[in-house]
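Quantities reported herein were computed from a predicted structural model and do not represent experimental measurements. Chain naming here is simple, since letters A, B, ... match the order of the sequence lines and numbering starts at 1 in each.
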Amino acid sequence: MKMMSKKMPVVVQIILIALVVFIMDFIFTSQSNISILVGLLFWAGVGQGLIAMSAAADLAQGKWIKSIKPYMQEYYPLLAMFPIIFIIFSIHAPAYRWSWEPGTWLNLPFFIIRNTIAYLLPFIVAHFYVMASRKSSNKTQLAAVLYIVSFVVCQSFMAYDQVMSFEYPWINTLFGAFFFIEAMYAGIAFSIFLTGLLSWKDSSGFKSSFQDFTLMLMGFALMWAGLFYSQYLVIWYGNIPEEVSYIATRMEDPMIEKMGIFTLLTLFLIPFLLLVSRKIKSTVPVVFGIAFLVLAGLVVERLIYLIPVGDLSVMGVIMPLVLMGIPFLALLRSQYSSTNGKN
Amino acid sequence: MGEDTRMNLEPYFQQVETDVLGAMSKPRMFYWIALAISALAFAGGLTLWGYQIFKGMGVAGITHPVGWGVYITNLVFWVGIAHSGTLISAVLFLFRAQFRSAYNRIAEAMTVIAVMTAGLYPLIHLGRVWRAYFLFPYPNQRLVWANFRSPLVWDVFAVSTYLTISMIFFYVGMIPDFAAARRHFTGIRQKIYNGLSLGWQGTTDQWRHYNRLYMFLAAFATPLVVSVHSVVSWDFAMSIVPGWHSTIFAPYFVAGAIFSGIAMVITLTIPMRKILKLESYITVDHYEKIAKVLLVTAMIVSFSYIIELLLALYSGNIFEISIFKYRMLGHYRYFYWLMIFCNVLLPLTLFIKKARRNLVYLFILSLFVNIGMWLERFIIIVTSLAHEYNPYSWGTYTPRPVEIGISIGSFGMFFTFFLIFSKTLPVLSISEIKEQKEHLEQKEKGENQ
């Protein structure tokens, strides 16, 4: 992994991973199998969320993130991976039931074009934003705003178009906002690893950022719970059969029910309750564990969305999830190795 | 903190106290005129409410099919205004945003007054106000309990909790300033501020306890900001009325509330800083920062408008499509487009730095946002009820003079209390301004060394 990140340019890494994902997808899954979407939704959330956090900090002129921001911005080239993976996923697009009776909005060619553009957009804007930010140009703030807009657009497409449309005509107006908040949550969880590892080597620059990220993690746990409850309560209380069926289908399946409890624990209760303690907030290994649980919870939540609506296979889910994670972990490792210890 | 720095800053500290507490000195004619107009409007509103109680709800325009009209619009509007107080104070405190010190006291006062104003509307709307106790859970032998499944009862809990915490937060933040006021004033005022300062001496122990409590209250108040307006949004979203039953309503209402609250803070502070001569404490830089927050919230509100409309079209649900068409092209179309202009288009001008730093422009824009946000609530409430499922029961609603008069009266109440606040309590947090100056000096000293 270390060798990969040091010697191989990101473009080559991405092409290689896309190729392996494509081959694995071809070997392990059928056309109706949508497993690859789990990894795509998850890692696109992490990558875009990382840059979104950096852009939000630039807009708010947040000083607490200053030391870690350049490291977060190094992940932006990886966003180029997602339009390619989405094109691979489009092989499975006939799994959407609406594709059998295409309409003006929901038809396969248009669906593939608009979503590819949606994935491409944050990458292109992130490039200009990161360049401006590195030069401390006076256009940084404008570029940050544009990145946030492209991020919101892309995450909304992921939510409404790629996930919600599996159950057309079921709608949930909060789904898009829920997705981009979750992406930022994932970005924060990943930043915890980044900041924590760097603070081990150089405690002077990163320790306070680490503590601020743990606070952000706690805040987002609460926000996640608020947004989750806002959806659940309105649908459940409204009690309209065609709406409630979405929740009922998932609650009737014992396995999905357990997965639901897992997400509630990992995305809200565990991070919120544990991070109340000041001692835990500054204990790096425990916070690492919490951040890992948050990321695991987000993967499981994506499974909850997709299990009732399409074919999924264990290998089909795990392989792309691991493969797409490799460049992230490789970069994390190279950042850790290249930081000079000041302790 | 070095003693040297503190000694050097002593003249500045004296100046802050003189400026802020000086603003509480004998009012000028302009103040009395403003107070008289507000009090008159308030008294007029109370009289009209009395008239409505005496004559019955028939004097208001609300009837079938629009049973919720201007009164509920005003309730949501005022609860929304109340939001930014806690946002500016608590949330910005937690985020260590230094520009909060220019607005926090004014925003907190605005919160308390706006919640009290909002609290009147369920009573006004109720008609038979003496039945208000039905909303509260009270021990009784007749087993007539409040309907806990009703979001209106949740409202009572949410708003009363919010009011309680906001008042405590407001009061606790003022304790060190009351001690300063105690030194500044004489006679009866000194006695009152002495009592209110709870024996504050500014010892290290007191500051430690104070900071801990303030942090706790800020952390406690932040989720409350979200919960209160979420509950208000559920008054609508829990029903299955087209245009209301939407999961996005809670965050959309919260963002809208913060948006309108910040606009109201700008509306109040721009003339106030001039009248009370506080220009050196509430600077153009402060306005630029708050204008950015206004822009962000405007974009969240715009996102919600777009998503609601697009998903109605996407779903193919004829009732949802019909209600959005009605909003855009029906009886209330001018209000709808004015709302879009005020809440979506006009705030986009804040991308221009010059606009953010022009206080006259900001003041006018904030007035438009207030109008736009009031209209937003009116459109949500009235159009959905006027154009529900069955075309046979469609209708229109026009507010009657009594409703308009009571609404003006509520603005009168708000401004009356606010004007009284500006002359009786410190409008800026003296202790925080001093603390910030100390930090700044320390930082500069550190950089020089």
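- Only the side chain of A/Leu227 comes within contact range of chain B, with heavy atoms under 4.5 Å apart.
- Between A/Pro169 and B/Asn317 the shortest side-chain heavy-atom distance does not fall below 4.5 Å.
- When all heavy atoms of B/His245 and A/Val234 are compared, the pair lying nearest together is CE1-O, 3.2 Å.
- Shortest non-hydrogen contact noted between B/Ser315 and A/Tyr168 is O-OH, 3.9 Å.
- Options A/Tyr232, A/Tyr160, A/Trp170, A/Trp236 differ in how many heavy-atom pairs under 4.5 Å they form with chain B, and the most are formed by A/Tyr160.
- Summarising the local packing, CE of B/Met215 is surrounded by 12 or fewer heavy atoms from other residues, nucleotides or ligands at distances under 6.0 Å.
- Within a 6.0 Å radius of CZ in B/Arg149, no more than 12 heavy atoms belonging to other residues, nucleotides or ligands are found.
- The line from CH2 of B/Trp234 to CG of A/Leu233 is 5.0 Å long, rounded to the nearest 0.5 Å.
- Within the 4.5 angstrom heavy-atom criterion, no atom of A/Leu142 approaches chain B.
- When all heavy atoms of A/Ser230 and B/Ala250 are compared, the pair lying nearest together is OG-CB, 3.5 Å.
- In the displayed structure, B/Phe220 atom CZ is contacted under 6.0 Å by at most 12 heavy atoms of other residues, nucleotides or ligands.
- Of the listed residues (B/Ser246, B/Ser239, B/Ser233, B/Ala237), the greatest number of heavy-atom pairs within a distance under 4.5 Å of chain A belongs to B/Ser246.
- Note that OG1 of A/Thr104 and CG of B/Leu313 are 11.0 Å apart. Values are rounded to the nearest 0.5 Å.
- In this structure, OG1 in A/Thr173 is found 5.0 Å from CD1 in B/Ile248, a value given to the nearest 0.5 Å.
- Of the two parts of B/Phe249, neither the backbone nor the side chain holds a non-hydrogen atom closer than 4.5 Å to a non-hydrogen atom of chain A.
- Annotation: B/Trp154 is in aromatic contact with A/Tyr237 [ring centroid separation under 6.0 Å].
- The shortest side-chain heavy-atom distance between A/Gln141 and B/Lys353 does not fall under the 4.5 Å cut-off.
- Note: A/Asp212 leads A/Leu59, A/Asp212, A/Val145 in heavy-atom pairs under 4.5 Å with chain B.
- The closest side-chain heavy-atom distance from B/Ile240 to A/Glu243 is not below 4.5 Å.
- Side-chain contact check for A/Tyr229 versus B/Ser230: every heavy-atom pair is 4.5 Å or farther apart.
- Surrounding CZ of B/Arg357 are more than 12 heavy atoms belonging to other residues, nucleotides or ligands, all under 6.0 Å away.
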- Task: Dump the intermediate steps for side-chain contact (heavy atoms from CB on, under 4.5 Å) on B/Thr247 and A/Phe178, then the final yes or no.
- Result: CA-CA 11 Å; B/Thr247 50; A/Phe178 192 54; over 6 Å; no
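- Put simply, the side chain of B/Met299 reaches to within 4.5 Å of the side chain of A/Val149, judged on heavy atoms.
- The number of heavy-atom neighbours closer than 6.0 Å to CZ of A/Phe166, taken from other residues, nucleotides and ligands shown, is above 12.
- The nearest pair of heavy atoms linking A/Ala177 to B/Phe303 is CB-CE2, 4.3 Å.
- For A/Asn239, no part sits under 4.5 Å from any heavy atom of chain B, backbone or side chain.
- Neither the backbone nor the side chain of A/Met218 comes within contact range of chain B; no heavy atoms are under 4.5 Å apart.
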